[in-house]
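Proteins come first, then strands; the chains are lettered A, B, ... in the order of their sequence lines, and each starts at number 1. FYI, side chains are in, hydrogens and waters are out, and symmetry mates aren't considered; it's all heavy atoms of this structure.
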Amino acid sequence: MKFTWWKIITVLLLVYTIVAGFLYDVPRLAILNESIRNTYFHVPMWFGMIILLGISVFYAVKYLKTPTLRNDILSTEAARMGLVFGVLGIITGMGWARLTWGEFWSNDPKQNASAIGLLMYFAYFVLRGSFAEEQQRARISAVYNIFAYAALIPLLFILPRLTDSLHPGNGGNPGFSTYDMDSKMRMVFYPSVIAWTLLGIWILNVKSRFEIIKQKIYENAA
Amino acid sequence: MKMLPKWAFTLCLFLSVLFTNVALAQTADAGETTMVEANASATDIEMADRLRADGKIYIVVACVLVVLAGMIFYLISLDKKVSNLEKQIKS
């Protein structure tokens, strides 16, 4: 393995996120209390998911332009990794919501919309699994991928803002930028987003290289 | 890796966003002080102050770091295995 510089940055930023995330000062806010530190662990899951699914769409479009095996594998594996981040995000969000909003699932617009968004991506894998022919599978799932991402953006970022929501940054609530997050928190929050996203990209890198090797072995055996 | 310049670009983009935000946050300090004062009166809000004063939070941080180290080492070993396979396929 080439121990490339971005992998070193990933490890350093993750260590920084955990140490600073637990120990640095945070604003004293009622209800949130120390759970405000979840900002460094729950929120980056969604940022990471959006970035990884963005990578997935990028390679889906690339596949439609130049249909290579590599583009298809990268697109699929990025969607898979994004889905992992999304599931982790929804679980951590439920835990956090139990203590601050009172219930694991309060049918909040943001919660419902993100659940629908994840289901769309589960459907992506169901769709992939239903084709026997490889090129057909890759092409149709690439088209679906673009559709799913285009539907995910309004689900997560527009619709929850149109109604009342408990989630910060939505409905009648002010966003993180207004008071929940001060400049000290930003010093940890942004590195944490980069750290978790890079970790996802690292896993994506290993997994897609593995899949490419697997395909090469199948081709040689056939 | 051929993709390095792309990564370099993305990282620079991220970092620039980070620094601009910090700069913005600093210029917005005047607005924030009122907010801090409003909270300062609420020091009775329950926080894990004693936990950190006792130093016991450090063991939690240490545990999480151990878990993270384990995960990272496993990921590195997987990465190495895949690299070895890539070399075998090429030769």
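Between A/Lys7 atom NZ and B/Asp79 atom CG the span is 3.5 Å, to the nearest 0.5 Å. Here the straight-line distance linking atom CG of B/Leu68 with atom CD1 of A/Ile18 works out to 4.5 Å at 0.5 Å rounding. Expressed to the nearest 0.5 Å, how far CZ of A/Phe22 lies from SG of B/Cys63 amounts to 10.0 Å. With rounding to the nearest 0.5 Å, the separation of NZ in B/Lys90 from CD1 in A/Ile213 is 9.5 Å.
Both the backbone and the side chain of B/Leu78 come within contact range of chain A, with heavy atoms under 4.5 Å apart. Of the atoms belonging to A/Ile203, heavy atoms from both backbone and side chain fall under 4.5 Å from chain B. When heavy atoms are compared at a cutoff of 4.5 Å, B/Leu85 approaches chain A by way of both its backbone and its side chain.
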Donor-acceptor pairs under 3.5 angstrom involving side-chain atoms of residues 83-93 of chain A: please list them, not counting sequence neighbours.
{"residue": "A/Thr92", "atom": "OG1", "partner": "A/His42", "partner atom": "ND1", "Å": "2.9"}
{"residue": "A/Thr92", "atom": "OG1", "partner": "A/Leu88", "partner atom": "O", "Å": "2.9"}
{"residue": "A/Thr92", "atom": "OG1", "partner": "A/Gly89", "partner atom": "O", "Å": "3.0"}

Let me check something: any side-chain donor-acceptor pairs from residues 215-222 of chain A under 3.5 Å, sequence neighbours excluded? List them with distances.
none

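Across B/Val64, B/Val61, B/Leu65, a single residue satisfies side chain to side chain contact (heavy atoms under 4.5 Å, CB included) together with A/Val15, and that is B/Leu65.
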**OP:** Apply the test side chain to side chain contact (heavy atoms under 4.5 Å, CB included) to residues B/Ile72 and A/Leu199: give CA-CA distance (whole Å), side-chain angles for both, the deciding distance (0.1 Å), then the verdict.
**Re:** CA-CA 9 Å; B/Ile72 294 289; A/Leu199 182 67; 3.9 Å; yes
